[in-house]
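Single-structure report; data block below.
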Amino acid sequence: MTANGTVADKPDGTTAENPPQRALTAENLVVEFPVGRGQKVHAVSGVSLELAAGETLGILGESGCGKSTVGRALIQLPPPDSGTVRLGDVELTGLGPEELREARARMQIIMQDPVSALNPRRRVKDLVWEGPAIWGHDGSDKDARIDEALRAVGLDPETVRDRRPHELSGGQCQRVCIARALMLDPHVLICDEPVSSLDVSVQAQILNLLETTTRRYGLSMVFIAHDVSVVKNISDRVMVMYLGRTCEVLPSDNMHLRAVHPYTRLLLASLPEAQRSAHTDSAAEVKQAAELPSPLDPPSGCRFRTRCPLATDLCAGEEPPLREIAPGHRIACHHAEPRKDIP
Amino acid sequence: MTPPLLDVTDLRTVFHTPRGAMRAVDGVSLSLSPGETLGIVGESGSGKSVLGRTVMGLITNGRSTSVSGSVRLGGKDVHALTPAQRRKLWGTEVAMVFQDPMTSLNPVKKVGTHLSESVRLHLGLSRAEARDRAVDLLRQVGIPEPSRRAGQYPHELSGGMRQRVVIAMALACSPRLLIADEPTTALDVTVQKQILDLLQTLGEQLRMATILISHDLGTVAGRTDRVAVMYAGRIVECSDTASVFDHPRHPYSKALIASIPRLDTPPHTLLPTIEGRPPNLLHPPAGCRFAARCGFATHECTTEAPELVAHGGDHGEENGGGLVACHHPLGAATAKEVTA
């Protein structure tokens, strides 16, 4: 691996001992899926993100906003149609299959449905060892490392080592998936809706596990989910997506108070009352009606304008650029202003 | 006081599986007044959906299932009726909305047909009257351009629109009770809110009682008058919604509510979790089913099942309080310790 570059490569002066400051950088990702008759689904249209070492970035959005596609484009599964993805110092787009395979060991993905992510015919110990086996690990400390990984995710090695996925609960399967991902000492973990198929009490266990694991191993994580509270709680920064574009990037702390983009406000206003706070808008302020526009033919200009209460002619004609309104807080909106009442 | 619309007494639903009897619902009693909204929350496997279907009469005594106890709906015992009598009940007395709107609709029938079918059958309307009624219903559930939509097929509608159609079908014959089983689980948050708003306004307009079954405590919190929390086939707590969420009496309700991530806590807060797993319902433990995971459990809890009894409310009032099935209910524990 050449991921740890030289000092000269990095203006910020990190050394080879320290991990690079940027764990992952993606610029201008575009992913389109042809659907025949010359039409294509504009799944992701120019999304950029960066992930500092040890940081967790949450990607929030509803179904069809392209959040999962971004996650998959990061890991080149499939590669984006255009744009760049840098993992540490390695540019992933344009790598040959063998080089990509090597680079990808440093980035692991955890999927939504833990049961279908595991081969039903294999035992837990083989599932966990699959990565090292592919990488030609000699297996001298195989059992010890498997046990260590299982213990790290809160499973008892004695009971689960020889079981198959169907003998485990959904939460346990997700723990096995996390153990698998950790086996190759990744720098970046991409979690695509890792808790949305789990019960509330199990969800809390898995979220805690991800929290402690990333801290313990100094992992950077991209956490993709549709649940505002879940994303807020695990992330350092949150990126909100709508129809393939970024709406707002903001620190997760007090995000329900800071958020200004009309779409983020709509998401917050849609939360059940129990989770909402007095500071969020009542739903009445938001234009409810409209349907989600088709990603085959997204609206011109700002893609949210068809549902936006602030929309004007400017929004239809001109796409709002992502502008910084406060340190670390960027929005793509012509009209929204930072809230004065929030420190 | 008005007689209850729905009265469920000691309901038990048992599935006879090759591995033994599975007690999915094990001794549930509840009642519902006309126009009231009851939430049933619980995690997967707690029996909340089976309870809904048994109340509806979709699960009845059969070769591999046995139902005991009684479900009285408007004075009639649902499980004592013949299948034909029960079919008459569906639609006019009780209707159900399921989780997945796509599988609830027939993909080869037009939206309008789904709606006119039941009104022709139950209300005996003519073809033309039924068509008008279908368009009316679509308008009532907030579908724009109802007459055009009536001529479309389910696949031409979005998930939220489909769920509106399913709700329109349920409302077609003005039932007095609507059972909504996870009506918004398959939908996005912004759409979820619209559908819940719709169910609420329709419930109020039509004075229809609603049972809202959900795994999502947040969904139920702002939308119901009362909440029943289920665990391993039993109701562990049943009170008015605010007191369940603000002052849960059962350790399980409290732990479940605490495990939801909140917006107003700082990021990276570790969530309180419930250790262990729910019991296997093929071999449920004696005593309280939550005892093995409960921090307050004593010897009594593992031997004797607690009854669902009134806990006396916050100020010890007689009728304002809710019901809790616990030997050591929270809040009351301190008083007990003092006397002991």
Side-chain angles (χ1 to χ4, degrees), chain A residues 56 58 61-65 169-172 195 198-208 211-212 214-215 226-238 251-257 263 266-277 279-280 283 286 288-292 307, chain B residues 41-46 142-144 157-161 184-194 196-198 214-223 231 241-242 244-246 252 255-278 293:
Chain A
T56 298
E62 294 181 281
S63 42
C65 75
S169 68
Q172 287 175 315
V195 294
L198 305 175
D199 269 319
V200 205
S201 66
V202 186
Q203 164 179 299
Q205 293 169 7
I206 297 294
L207 289 173
N208 284 355
E211 188 76 63
T212 48
T214 47
R215 228 179 278 172
H226 67 278
D227 185 317
V228 185
S229 316
V230 167
V231 169
K232 191 236 96 200
N233 209 42
I234 202 163
S235 312
D236 297 300
R237 287 186 302 135
V238 177
S252 60
D253 197 16
N254 276 333
M255 70 168 278
H256 59 296
L257 306 179
Y263 178 62
L266 171 65
L267 278 183
L268 289 165
S270 305
L271 288 179
E273 273 115 81
Q275 294 170 39
R276 217 193 292 161
S277 80
H279 294 275
T280 49
V286 186
Q288 284 285 352
E291 293 259 290
L292 194 72
R307 297 168 75 190
Chain B
V41 294
E43 298 184 89
S44 36
S46 62
I143 291 184
L157 272 58
S158 68
M161 284 297 161
T184 58
T185 307
L187 306 173
D188 276 319
V189 270
T190 51
V191 184
Q192 167 174 320
K193 182 174 186 312
Q194 296 169 4
L196 291 171
D197 284 344
L198 175 70
S214 181
H215 72 284
D216 184 353
L217 295 143
T219 309
V220 165
R223 308 284 177 174
Y231 183 76
T241 306
V244 171
F245 282 91
D246 298 340
Y252 175 69
L256 192 64
I257 292 164
S259 65
I260 314 171
R262 300 177 55 91
L263 264 186
D264 49 11
T265 51
H268 307 299
T269 310
L270 288 187
L271 303 160
T273 57
I274 311 172
E275 293 305 318
R277 293 167 64 180
R293 305 170 78 185

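Remember, predicted model here, so these are calculated numbers, not experimental data. Within every chain, numbering begins at 1; the chains are lettered A, B, ... in the order of the sequence lines, protein sequences first and strands thereafter.
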Handout entry: A/Gln203 and B/Ser259: side chain donor to acceptor below 3.5 Å
Key = no
Practice task
Provide the closest heavy-atom pair for A/Met255 versus A/Leu268 in the form atom of the first, atom of the second, distance.
Solution key: O-CD1, 4.3 Å
Fill in the blank from the handout: Greatest number of non-hydrogen atom pairs under 4.5 angstrom with chain B, of A/Asn233, A/Val230, A/Val200, falls to A/Asn233
Practice task
Heavy atoms only, distances under 4.5 angstrom: which of B/Thr273, B/Ile257, B/Leu271, B/Ile274 has the most pairs with chain A? Name it, please.
Solution key: B/Leu271
Problem - Engaged part of B/Pro272 at the chain A interface, taking heavy atoms whose separation is under 4.5 Å - result: backbone
Exercise for the section: Please flag which part of A/Leu207 lies under 4.5 Å from any non-hydrogen atom of chain B: side chain, backbone, both or neither. Expected result: side chain
Practice task
Not counting sequence neighbours, which residues clear salt bridge (charged side-chain N to carboxylate O under 4.0 Å, His left out) with A/Arg215? List them please.
Solution key: A/Glu211
Problem - Any B/His268 side-chain heavy atom under 4.5 Å of A/Ser235 side chain - result: no
